[in-house]
J.: 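First the structure, which I've put down as C-alpha cells, then a few questions once you've had a look.
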Amino acid sequence: MAKNVTQAKPGGGHGRIDVHVRAMTPANGAVPLVHAKLNLYKLTQGEVDALRASKRIEGQKAAVDANPAWMLVAHTHTGPAGDAQFAGLENGFYIVLYMNVSPFDKNMVRGRLIGISDGDMRGECAYQLDTRFRLETEFYANGEKLSRLHGLVGDHAWVTVKHDANETNPMPEMYYVPEAPLQSQGKDGVESSARLNSVGTTEVAVNVYMRAYDDAGAIDPDDAAHYRNARQVIVDEPSPLQVAGKITTQASRTEAEWRPVIAHWTLIRNSAEALSFNNYQLFVDHLFCHNAGGVVPDFERERFHDKERAFRSLEKRRALPFNDSDSYRVLKAATEAFVMVNCGVLRTPYAFRGQDDAEYLDRRDLPDDRKLEEELVKRYLSSLDPKTKILPYLALIRSKLPDVRIHMGHQEEHEAELCAGFIRERLVNPCMMELIWAYWQEEGMLVQTMNAITRRFQNVRALGHGSGPDPLANMEIDMLRPLNNLLWGYVQDEQHRLSVVRRNYEYDHHYGIHLDGKAVRDFRPADSRSKFIEAFHNLLRQLMPFYRQDDDTTVKADAFPILNALKEVHLILSQGAHNQFGDLPSTARIEMLMQQWMLARPEFREFLPTRLMVAHPEPWMDRVDAMKKVQGWSDTSIAHFRDLAMFGEQLLLSVRYSHWSEVYDPTEAFAWARFWRPQAQGYLHAYRAVTGVDLTAETANPKLEATMPSVLLRQRLEAMPRTA
C-alpha cells in the first residue's frame with residue numbers, strides 16, 4: 001500500500017478544501033475509507049460555464065469524469081480517519097474528483113465543484129459510498145455444514161463476502177483481505193474461515209480493497225483504497241449429548257479428538273525418517289554402487305526417482321576448482337539432491353504411508369480412520385492462491401506482509417532473484433530441518449572425528465596432546481587407499497564448508513546453545529535465544545505428569561500446561577527464524593551426511609579399532625565411538641547424541657510450524673503430547689545419558705536444567721578420569 005498523504009500544497013494561496021470519504025456498512029454504518037485517491041483540478045471560468053451549459057453541474061456537484069484539458073493541480077489520499085485536505089489554494093474554481101472504483105454505485109457523482117475566493121476561503125466536500133456489502137457466516141463441524149444461527153466452541157466459521165445481487169466479486173478491481181483469525185480460503189479473499197475457540201461474542205472482519213484509476217483513467221494495480229467491514233458472531237458452549245439405552249461402564253483410555261494438524265505431524269515424522277542416514281546410504285549406494293544397496297520400499301520409489309533426477313541436474317552444475325576431485329564432487333551433488341527432495345513435507349505426492357501411518361496413530365490412541373491427505377488439504381492447509389495451499393502458520397506470516405510480493409522459484413526463473421520478497425518454493429514447501437540436529441551430531445564428535453582423520457591423511461600432527469605422540473600416528477592409512485580420491489576432494493574443499501565458528505553462532509541464534517572449546521573461545525553473539533533451554537525443558541517436564549495421568553484410565557489428563565509451554569517454545573523459535581535460518585541448516589545437514597557416509601565405508605572399519613559386536617543403528621557410529629576411545633574424549637556413545645538429534649528435530653519442527661499462537665483449546669496440545677510421545681521420551685532418556693540431568697525426576701532443579709548442554713558435557717569429561 002502506498003504511503004498516506006494527508007495534505008497537498010499546490011500553490012501559495014490561503015484557501016483550502018477539506019474532503020471526507022466514508023463507506024456504508026450493514027453492521028457498523030459509515031466507516032472511514034482509507035487511502036482513497038483524490039485528484040484536484042483547477043478550471044477556468046470558460047470551462048465552468050461550459051459545464052453549466054451542458055447541465056452536468058447541479059449545485060456543487062459535477063457528474064463528470066476527469067477531462068484531459070483540465071489542469072491537474074494536486075492529488076492526495078485519505079488518512080486512517082478517511083479525511084484529506086488540499087491547502088495553499090489560490091482563488092478560483094476547483095473540482096475534487098474521487099479516483100477509486102465504485103462498482104455498486106455506478107451512477108455515483110464523483111466530482112465536486114468548489115469555489116475559493118477572498119470571501120469564502122474554505123471549501124468542504126464529502127463522499128459516501130453505498131457499497132451494499134454484507135458478510136454471510138456459516139458454521140461447520142467435522143467437515144459438515146450446520147443449520148444454526150450461532151456457532152459453538154470448536155466449530156469453524158466460514159465467512160463469505162456477498163453483494164445484494166448475490167455476487168461475490170462483481171469487479172476484478174476489487175479484492176478482500178480477512179483479518180486474523182480469519183484466513184483466506186478462496187480467490188481474491190471472497191471466502192475465509194476461522195476456528196471458534198471461546199464462548200461469547202467474537203468479531204469477524206474483512207478489509208475491502210478498491211483499486212484506483214491513474215490520471216489517464218486506467219486501473220493502477222499498486223494503489224487501492226480500503227475500508228473495514230465487520231460483524232459480530234455469537235459463540236455458545238457445545239450442548240451435552242443425551243445418553244439413552246442400556247448403560248454399561250468400562251475403564252478404557254480416553255481417545256483424543258481428531259485434529260487436522262495430525263496429518264501435518266505425520267508428514268514431519270515421515271520426512272524425518274526419509275532424511276535418515278540409512279535411507280541416504282541406500283540412495284547413494286544404489287546411485288553409485290548399483291546393486292550394493294538394499295531394496296527400496298514401495299512408498300519411497302517415487303521420491304527415489306525424484307532424487308536421481310535432481311542429482312543428474314545438479315551434477316552438471318556443481319564443479320570444484322581442484323584436480324582429481326570428481327568422486328567428492330558427485331557425492332556432494334548426490335547428497336544435495338537427496339536433501340532437496342526429502343526435506344519438504346508439502347511436495348506432492350505427499351509422503352503418507354497408508355497402513356504404517358494408521359498403525360502409528362492407533363498405537364498413540366489417536367483416531368486412525370481418516371484420510372490423511374484429504375484432512376491435510378481440505379481442513380488444515382490455507383490458500384495462498386486458488387491453486388496453492390500453505391501451512392496456516394506461514395499463511396499468518398504472509399497476511400502480516402501483504403505488500404511483500406512473491407517470487408517464482410529459481411527452478412522456474414533460472415536466474416538469481418535480487419529484489420526483496422518471498423521465494424515461492426520456501427513459502428509453499430518449506431524445508432523441514434532443524435539446526436539442533438547438526439548441534440547434537442557435533443556434540444557427539446562426528447565433525448571432530450572427520451577432522452582427526454583428515455589431519456592424519458595430510459600427515460598433520462593432532463593438536464591438544466602436548467609433546468606426546470599423535471594417537472593416530474601408528475595407524476597406517478594404507479587401508480584407506482580406495483578412498484584416496486574421495487578424501488583428497490574432501491580436504492581440498494575445506495574452504496567451501498561451514499566452519500565450526502559459523503555453525504556455533506547460528507546454534508546460539510536459533511536456540512541459545514553453543515559449543516564449548518578452544519575453537520570457539522572468542523565467542524561474541526549479537527542475538528541469543530537465552531530462554532530456549534529453560535522453555536524447552538519446561539515443555540518436556542510438563543509431559544511427564546501428563547503421561548502418568550493419561551495412562552490412568554480413571555483420569556482425564558490436563559493438557560493446559562502443555563499448551564502454554566508449547567506457546568512459549570513456539571514464540572522463542574519464531575524469534576530466531578532470521579539471518580541464516582533457511583540456508584545454514586540444510587548446508588550443515590549435507591556436509592554431515594557426507595561425513596557419516598564416508599565413515600560408514602568398510603575402509604574405516606579397518607582403519608579404526610571398532611567393536612563389531614556393538615549393535616549401532618547406523619554403520620558410521622562405531623567409527624566415531626572408536627575415535628573417541630583413541631583420543632580420550634567422552635565415553636558416552638554417539639548413539640545417544642544421534643537420538644537427541646533425531647528426536648529433538650522432530651519435536652521442534654512440530655512446534656515451529658504449527659500455529660500455536662492462535663490455539664486456546666487444549667485439545668490440540670493433548671493430541672500433540674500423544675502423537676510425539678515416543679520422540680519426547682526418547683529425547684528425555686538420551687539427554688540423561690549424555691548430560692546426567694534427569695528431566696523426569698519428581699523434584700525439578702531449574703538451575704541445572706537451564707544449564708548449557710556443552711557446559712554439562714565438559715564437566716562430565718573433566719570428572720571422567722577421576723571416576724574411571
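Predicted, not measured: the structure shown is a model, and the values here were computed from it.
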J.: Taking the six-membered ring for Trp, are His659 and Tyr380 parallel (under 30°), tilted (30 to 60°) or perpendicular (over 60°)?
T.: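 The arrangement is tilted - the two ring planes meet at 30° to 60°.
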J.: Please test Gln679 against Arg269 for side chain to side chain contact (heavy atoms under 4.5 Å, CB included), starting from the C-alpha separation and ending with a verdict.
T.: CA-CA 10 Å; Gln679 291 79 3; Arg269 186 181 72 89; 3.9 Å; yes
J.: For Leu472 and Ala452, which heavy atoms make the closest approach, and how far apart are they?
T.: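 The answer is CD1-O, 3.7 Å.
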J.: Please report the C-alpha distance between Asn270 and Asp357 in whole Å, then the side-chain angles of each, then the deciding distance to 0.1 Å, and finally whether the side-chain hydrogen bond (donor to acceptor under 3.5 Å, both in side chains) criterion is met.
T.: CA-CA 9 Å; Asn270 292 348; Asp357 294 336; 3.3 Å; yes
J.: In this structure, which one of Met445, Glu443, Met646, Met621 forms a side chain to side chain contact (heavy atoms under 4.5 Å, CB included) with Phe641?
T.: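 Result for side chain to side chain contact (heavy atoms under 4.5 Å, CB included) with Phe641: Glu443.
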J.: Counting N and O atoms only, with roles assigned by atom type, does the side chain of Ser271 sit under 3.5 Å from a partner on the main chain of Ile268, one being a donor and the other an acceptor?
T.: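 No; judged by distance alone, with no hydrogens or angles, the pair does not exist.
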J.: Under 3.5 Å, is there a donor-acceptor pair between the side chain of Asp508 and the main chain of Pro525?
T.: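 The answer is no, because no donor-acceptor pair under 3.5 Å joins these two groups.
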J.: Could you check whether Arg503 makes a cation-pi contact with Tyr507, meaning its NZ or CZ is under 6.0 Å from the centre of the six-membered ring and within 45° of the ring axis?
T.: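 No cation-pi geometry.
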J.: Less than 6.0 Å separating the ring centroids of Tyr687 and His537?
T.: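 Aromatic pair counts; centres sit under 6.0 Å.
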J.: Could you walk me through whether Phe536 and Leu652 pass the side chain to side chain contact (heavy atoms under 4.5 Å, CB included) check?
T.: CA-CA 9 Å; Phe536 185 46; Leu652 293 186; 3.7 Å; yes
J.: Is it the case that more than 12 heavy atoms not belonging to Arg502 sit under 6.0 Å from its CZ atom?
T.: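 It does not: Arg502 CZ has 12 such atoms or fewer within range.
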J.: Checking His264 against Tyr657 for the ring pair (Phe, Tyr, Trp, His ring centres under 6.0 Å) test, could you report, in this order, the C-alpha distance in whole Å, the side-chain angles of both residues, the deciding distance, and whether it holds?
T.: CA-CA 9 Å; His264 177 218; Tyr657 286 102; 7.1 Å; no
J.: Spell out, as yes or no, whether a donor-acceptor pair under 3.5 Å connects the side chain of Lys628 to the backbone of Thr636.
T.: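 Yes: the side chain of Lys628 pairs with the backbone of Thr636.
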J.: Compute both the distance and the angle, then confirm whether Arg497 meets the cation-pi test with Tyr490: under 6.0 Å from the six-membered ring centre, within 45 degrees of the axis.
T.: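 The answer is yes; both the distance and angle limits are met.
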J.: Please work out which of the three classes, parallel, tilted or perpendicular, describes the rings of Phe532 and Tyr511, given edges at 30° and 60°.
T.: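 It falls in the tilted class, 30° to 60°.
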J.: Testing the basics here: between Ala600 and Gln281, what is the closest heavy-atom pair and its distance to 0.1 Å?
T.: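 Here Ala600 and Gln281 meet closest at CB-NE2, 4.0 Å.
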J.: Taking the side chain from Arg529 and the backbone from His509, do they hold a donor-acceptor pair closer than 3.5 Å?
T.: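 Side chain of Arg529 to backbone of His509: a pair is present.
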J.: I'd like to know whether Glu434 forms a side chain to side chain contact (heavy atoms under 4.5 Å, CB included) with Arg656, so could you lay out the CA-CA distance, the side-chain angles of the two residues, the decisive distance to 0.1 Å, and finally the verdict.
T.: CA-CA 10 Å; Glu434 282 289 335; Arg656 183 189 296 279; 2.5 Å; yes
J.: What orientation do Trp265 and Phe675 show, parallel under 30°, tilted 30 to 60°, or perpendicular over 60°?
T.: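 Judged by the thresholds at 30° and 60°, the geometry between Trp265 and Phe675 is tilted.
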J.: May I ask you to decide if Val655's main-chain N or O and Ser658's side chain share a donor-acceptor pair within less than 3.5 Å?
T.: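 No; zero donor-acceptor contacts below 3.5 Å.
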J.: Would you name the heavy atoms of Asn278 and Pro617 that are closest together and state the gap between them?
T.: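 Between these two residues, the closest heavy atoms are ND2-O, 3.4 Å.
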J.: Once you round to the nearest 0.5 Å, how far does CG of Leu396 lie from CD1 of Ile390?
T.: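 If I round to the nearest 0.5 Å, the distance is 10.0 Å.
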J.: Specify the closest pair of heavy atoms between Ala626 and Leu608, including all atoms of both residues, with the distance to one decimal.
T.: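 In this case the closest contact between Ala626 and Leu608 is CB-CB, 4.1 Å.
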J.: Give, for atom CG of Asn504 and atom CG of Leu515, the distance between the pair rounded to the nearest 0.5 Å.
T.: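 With rounding to 0.5 Å, CG (Asn504) is 4.5 Å from CG (Leu515).
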J.: Under 3.5 Å, is there a donor-acceptor pair linking the side chains of Trp633 and Gln631?
T.: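 No, no side-chain donor-acceptor pair sits under 3.5 Å.
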J.: Do the side-chain N and O atoms of Gln355 and Glu359 include a donor-acceptor pair separated by under 3.5 angstrom?
T.: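 A pair is found: one side chain offers a donor N or O, the other an acceptor, under 3.5 Å apart.
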J.: Among Trp437, Tyr439, Phe581, which residue satisfies the ring pair (Phe, Tyr, Trp, His ring centres under 6.0 Å) criterion with His510?
T.: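 The passing option is Phe581.
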J.: So, Asp527 and His578: side-chain donor and acceptor under 3.5 Å apart, yes or no?
T.: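 Looking only at side-chain atoms, His578 and Asp527 do not form any donor-acceptor pair under 3.5 Å.
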J.: If we ignore hydrogens and angles and just use 3.5 Å, is the side chain of Asp622 paired with the main-chain N or O of Thr610 as donor and acceptor?
T.: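 No; zero donor-acceptor contacts below 3.5 Å.
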J.: Any chance NZ of Lys389 has more than 12 other-residue heavy atoms, nucleotides or ligands included, within less than 6.0 Å?
T.: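 For Lys389, atom NZ is crowded (more than 12 foreign heavy atoms under 6.0 Å).
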J.: If you take all heavy atoms of Met598 and Leu486, which pair is closest and at what distance?
T.: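 Looking at all heavy atoms of both residues, the closest pair is CG-CD2, 3.6 Å.
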J.: Look only at the side chain of Asp625 and the backbone of Ile638, and say whether a donor-acceptor pair between them is shorter than 3.5 Å.
T.: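 Looks like yes, one N/O pair under 3.5 Å.
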J.: Less than 4.0 Å between a side-chain N and a carboxylate O, is that true for Glu718 and Arg714?
T.: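 Counted as a salt bridge, because a side-chain N and a carboxylate O are separated by less than 4.0 Å.
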J.: Output yes when a side-chain donor or acceptor of Asn279 lies under 3.5 Å from a complementary backbone atom of Leu275, and no otherwise.
T.: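 Not a single qualifying donor-acceptor pair exists.
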J.: For the residue pair Lys531 and Ile572, what are the closest heavy atoms and their distance?
T.: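 Smallest heavy-atom distance, with atoms named: O-CD1, 3.7 Å.
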J.: So, applying ring pair (Phe, Tyr, Trp, His ring centres under 6.0 Å) with Phe338, which one of Tyr280, Trp597, Phe277 is it?
T.: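 Considering Tyr280, Trp597, Phe277, a ring pair (Phe, Tyr, Trp, His ring centres under 6.0 Å) with Phe338 is found only for Tyr280.
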J.: Under 4.0 Å between a Lys/Arg side-chain N and an Asp/Glu carboxylate O for Glu336 and Lys332?
T.: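 Looking at Lys332 together with Glu336, the answer is no, because their closest N to O distance does not fall below 4.0 Å.
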J.: Apply side chain to side chain contact (heavy atoms under 4.5 Å, CB included) to Arg642 and His616, showing your working.
T.: CA-CA 11 Å; Arg642 174 260 194 181; His616 288 93; over 6 Å; no
